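Inspection log for the structure reproduced underneath, given as structure tokens.
Because the structure is a prediction, the values reported are computed rather than measured. Positions are given from 1, in the same order as the sequence printed here.
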Amino acid sequence: MTHTEVQAAQAAEAARHRELTERISRHCPQEGFHDTAVEPLTLIRCDAPTQRMHGVHEPALCLIAQGGKDLYLGTERYRYDPLHFLLVSVALPVCGQVIEASPERPYLCLRLTLDPGEIARLIADAGLSGAAQRPQGRGLYVQRLDESLLDAVLRLLRLLEAPADVPMLAPLVIREIFYRVLRGPQGHLLHDIAMGDSQAYRVTRAIEWLNDHYGQPLRIEDLARRVNLSVSTLHHRFKALTALSPLQYQKQLRLQEARRLMLSEGLEASLAGHRVGYGSPSQFSREYSRLFGAPPLRDLAALRNGPATAPA
């Protein structure tokens, strides 16, 4: 490309990013989560950096228009910004923190929930089911945002100005967005969790079962039998996808739900621990302190008196 062509391409990219920021800002007049006429699409605004906040991140594509965020999976840090998108392919217990935001330049983000069943149909329709197998990675990754994906996302946002067109056109644009992701350099990580004959898909079923039954006692042998994997394969593949063993994953689900029950419903620590499956209050307090850095009462006091929490 000539110098003039490079400059023109850079100017066009900058214009697309400005439009992305303006359109999200228009539909996020204040901090918080904002539902849209496109059901899987949520817009998020935050006016200041946040403390770290634990939560279960559901499968979704997340794209930042302005600001920056760190996401932690165990000890691993994933940073994304307006030049990169985050793809979460399975439900994961994570810790998030908005690191760049101000009232003048708020953190602006869109989250597009993904449906593994729709991804599987897209793979079949697009003839991508024969994709070559590659090494399995985590159930989330950060990748540079390219022009084709940004263009598709902008077309989805433009539909918010034409609600009558949403029922017909939004599903088509959403399919294009995830088609672009599947064709990207790490698209096989999304591909694998949607294909019924893959080990990643079977681990996804185990994750779904744990999310629905986290309060029940866990026997790894029973879970492996449920998803048709050997115990050793389930443990290995589960940890490769989530950075956690099944037992560690269940523990984080329990503790995060107990924290939510205490914070939003006012339950006492012992009752919240019992509600999520802990028989011993002292064990609950120890494991809670290990995950959140303080015992329940001190942690809740800090949450109530501290800065705004990070969006999921």
Side-chain angles (χ1 to χ4, degrees), residues 31 33 42 44-46 48-101 106-114 136-145 186 189-190 193 200 203-204 207 210-211 214 237-260 262-263 276 286-296 298-300 302-303 306-312:
E31 283 193 295
F33 293 75
T42 301
I44 303 163
R45 172 174 174 157
C46 189
T50 69
Q51 63 182 321
R52 293 187 185 184
M53 188 63 186
H54 291 263
V56 177
H57 203 307
E58 298 300 327
L61 168 74
C62 299
L63 193 156
I64 292 175
Q66 189 168 265
K69 184 175 180 181
D70 282 344
L71 201 68
Y72 295 86
L73 178 62
T75 59
E76 300 170 1
R77 185 182 73 174
Y78 297 81
R79 174 166 291 184
Y80 61 115
D81 54 35
L83 296 179
H84 301 84
F85 69 87
L86 172 76
L87 194 287
V88 181
S89 61
V90 295
L92 291 172
V94 297
C95 179
Q97 181 178 25
V98 172
I99 56 171
E100 295 179 24
Y107 169 89
L108 298 171
C109 176
L110 67 82
R111 183 183 66 199
L112 186 61
T113 303
L114 70 86
Q136 186 182 20
R138 296 286 186 241
L140 80 168
Y141 63 85
V142 172
Q143 184 175 306
R144 188 169 180 86
L145 178 65
Q186 300 186 80
L189 299 173
L190 177 58
I193 63 98
V203 172
T204 301
I207 289 172
L210 286 171
N211 273 272
Y214 58 82
R237 294 295 186 182
F238 197 104
K239 193 155 191 177
L241 199 62
T242 69
L244 302 166
S245 70
L247 189 60
Q248 290 169 329
Y249 185 98
Q250 182 201 46
K251 186 181 297 183
Q252 290 212 17
L253 292 179
R254 286 180 166 185
L255 293 171
Q256 290 189 23
E257 175 61 11
R259 195 189 208 196
R260 187 196 68 80
M262 290 185 289
L263 191 61
V276 301
R286 282 195 308 272
E287 294 186 354
Y288 188 102
S289 298
R290 195 173 298 126
L291 179 62
F292 299 122
R298 196 191 317 158
D299 175 58
L300 294 179
L303 284 175
T309 56

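Looking at Gln256 and Val276, their side chains never come closer than 4.5 Å, going by heavy atoms from C-beta outward. At a threshold of 4.5 Å between non-hydrogen side-chain atoms, the residues Ile99 and Pro49 do not count as touching. A heavy-atom distance below 4.5 Å is found between the side chains of Arg45 and Leu108. Counting heavy atoms from C-beta on, the side chains of Leu112 and Phe85 never come closer than 4.5 Å. Residues Glu58 and Val88 have side chains not in contact (no heavy-atom distance under 4.5 Å, counting atoms from C-beta outward).
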Stepwise side chain to side chain contact (heavy atoms under 4.5 Å, CB included) test for Lys69 and Cys62: CA-CA 11 Å; Lys69 184 175 180 181; Cys62 299; over 6 Å; no

Leu114 and Leu190: CA distance, side-chain angles, deciding distance, side chain to side chain contact (heavy atoms under 4.5 Å, CB included) verdict: CA-CA 10 Å; Leu114 70 86; Leu190 177 58; 4.1 Å; yes

From CA spacing to verdict: side chain to side chain contact (heavy atoms under 4.5 Å, CB included), Asn211, Tyr249: CA-CA 9 Å; Asn211 273 272; Tyr249 185 98; 2.8 Å; yes

Chi angles and distances behind the side chain to side chain contact (heavy atoms under 4.5 Å, CB included) call for Arg260, Glu257: CA-CA 5 Å; Arg260 187 196 68 80; Glu257 175 61 11; 2.8 Å; yes

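In terms of heavy atoms, Leu253 sits closest to Pro93 at CD2-CG, 4.5 Å. Of all non-hydrogen atoms in Gly67 and Pro82, the two that sit nearest each other are O-CD, 3.2 Å. For Gln186 against Val142, the heavy-atom pair with the smallest separation is NE2-O, 3.5 Å.
Distance check, rounded to the nearest 0.5 Å: CG of Asp70 to CD of Glu100 gives 9.0 Å. Note that the CG atom of Leu63 and the CG atom of Leu87 stand 11.0 Å from one another [nearest 0.5 Å]. For the atom pair Arg79 CZ and Tyr72 OH, the distance stands at 7.0 Å (nearest 0.5 Å). Summarising the geometry, atom CD belonging to Glu31 is positioned 12.0 Å from atom OH belonging to Tyr107; distances are rounded to the nearest 0.5 Å. Leu145 contributes atom CG, which lies 12.5 Å from atom CG of Leu86 (distance to the nearest 0.5 angstrom). The distance from atom CG of Leu303 to atom NE2 of His54, rounded to the nearest 0.5 Å, is 9.5 Å.
The main-chain N or O of Val98 is found under 3.5 Å from a side-chain atom of Thr50 such that the two form a donor-acceptor pair. Not a single donor-acceptor pair under 3.5 Å links the side chain of Thr113 to the backbone N or O of Ala60.
Salt-bridge check for Glu76 with Arg138: passed, with a basic side-chain N closer than 4.0 Å to an acidic carboxylate O.
Shown are Ile207, Val90, Val203; of these, the side chain to side chain contact (heavy atoms under 4.5 Å, CB included) with Ile193 is made only by Val90.
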